[in-house]
Amino acid sequence: MVIYKTIEEIKEKFDILDSIICDVKWDDNLLDLIITVDYYEGKSISEKLYKIRLKDCFEANFKMPKNMKETPISERKGYIWSWYTALHMDVIKTDCIEVNIITNMDTNWLHAKCEEICIED
């Protein structure tokens with residue numbers, strides 16, 4: 001079910017800070033990018049999973065922290081949630097919708113361009 005469907009609603013009501021990115025996948029239609037987050041509501045992880053749906057996504061660039069390649073695999077797996085803790089989501093309307101998600105590792109983890117965005121539960 002769609003909870004927020006306008007950029008204004010998302011900016012005003014959906015604060016991604018400290019939420020954990022738990023899944024990223026393309027929808028069965030191969031056009032929508034879906035990012036599932038375990039939503040943080042101020043005091044603890046809420047155990048509410050929300051989906052950020054980037055509809056008709058035509059560009060998605062992911063960037064992991066620079067030091068990830070040098071980090072031993074055992075350490076990478078030990079810090080997995082640190083790599084995917086969200087700090088901020090920026091949504092900008094230009095000739096399309098641009099979405100940036102910044103993670104705990106001070107990385108612009110995702111830069112994407114799409115036609116629409118919505119938050120679903």
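From a predicted model like this one, the values you see are computed outputs, not experimental measurements.
A 4.5 Å side-chain heavy-atom check between L110 and N100 finds every atom pair outside the cut-off. Taking the side chain as every heavy atom from C-beta outward, V2 and I119 never approach each other to under 4.5 Å. In this structure the side chain of C57 never reaches within 4.5 angstrom of the side chain of K113, judged on heavy atoms. Residues Y50 and S19 have side chains not in contact (no heavy-atom distance under 4.5 Å, counting atoms from C-beta outward). Between T85 and D18, some side-chain heavy-atom pair lies under the 4.5 Å cut-off.
For residues 1-12, no pair satisfies salt bridge (charged side-chain N to carboxylate O under 4.0 Å, His left out), with sequence neighbours left out.
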Go through the steps to decide whether I101 and I21 satisfy the test side-chain contact (heavy atoms from CB on, under 4.5 Å), and finish with yes or no. CA-CA 10 Å; I101 296 179; I21 299 165; 4.1 Å; yes
Go through the steps to decide whether L87 and T103 satisfy the test side-chain contact (heavy atoms from CB on, under 4.5 Å), and finish with yes or no. CA-CA 5 Å; L87 293 180; T103 65; 6.0 Å; no
Counting only pairs under 3.5 Å, give me each side-chain donor-acceptor contact of residues 27-37, with atom names and distances, residues two or more places apart or in other chains.
from: D27; atom 1: OD2; to: R53; atom 2: NH1; distance (Å): 2.7
from: N29; atom 1: OD1; to: L31; atom 2: N; distance (Å): 2.7
from: N29; atom 1: OD1; to: D32; atom 2: N; distance (Å): 3.0
from: N29; atom 1: ND2; to: D32; atom 2: OD2; distance (Å): 3.3
from: D32; atom 1: OD1; to: D56; atom 2: N; distance (Å): 3.0
from: D32; atom 1: OD2; to: R53; atom 2: NH1; distance (Å): 3.1

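In this structure E116 satisfies the side chain to side chain donor-acceptor pair (under 3.5 Å) test with no other residue, sequence neighbours excluded. With sequence neighbours excluded, the residues satisfying ring pair (Phe, Tyr, Trp, His ring centres under 6.0 Å) with F62 are W109. Shown here are the side chain to side chain donor-acceptor pair (under 3.5 Å) partners of N61, two or more places apart in sequence or in another chain: E59. Residues satisfying the ring pair (Phe, Tyr, Trp, His ring centres under 6.0 Å) criterion with F14, sequence neighbours excluded, are Y39.
To the nearest 0.5 Å, atom NE2 of residue H111 and atom CD of residue E98 are 4.5 Å apart. Atom OG1 of T6 and atom CD1 of I117 lie 10.5 Å apart (nearest 0.5 Å). Here the NE2-CD1 distance, from H88 to I16, works out to 9.5 Å after rounding to the nearest 0.5 Å. Of the inter-residue distances, the one linking C118 atom SG with Y4 atom OH reads 12.5 Å to the nearest 0.5 angstrom. To the nearest 0.5 Å, atom CG of residue D121 and atom CE of residue M1 are 5.0 Å apart. We find the CD1-NZ distance between I97 and K55 to be 10.0 Å, quoted to the nearest 0.5 Å.
Residues I3 and L54 are members of one and the same hydrophobic cluster, defined by side-chain heavy-atom contacts under 4.5 angstrom among Ile, Leu, Val, Met, Phe, Trp and Tyr. Following chains of ILVMFWY side-chain contacts shorter than 4.5 Å, one can reach W26 starting from I52, so the two form part of one hydrophobic cluster.
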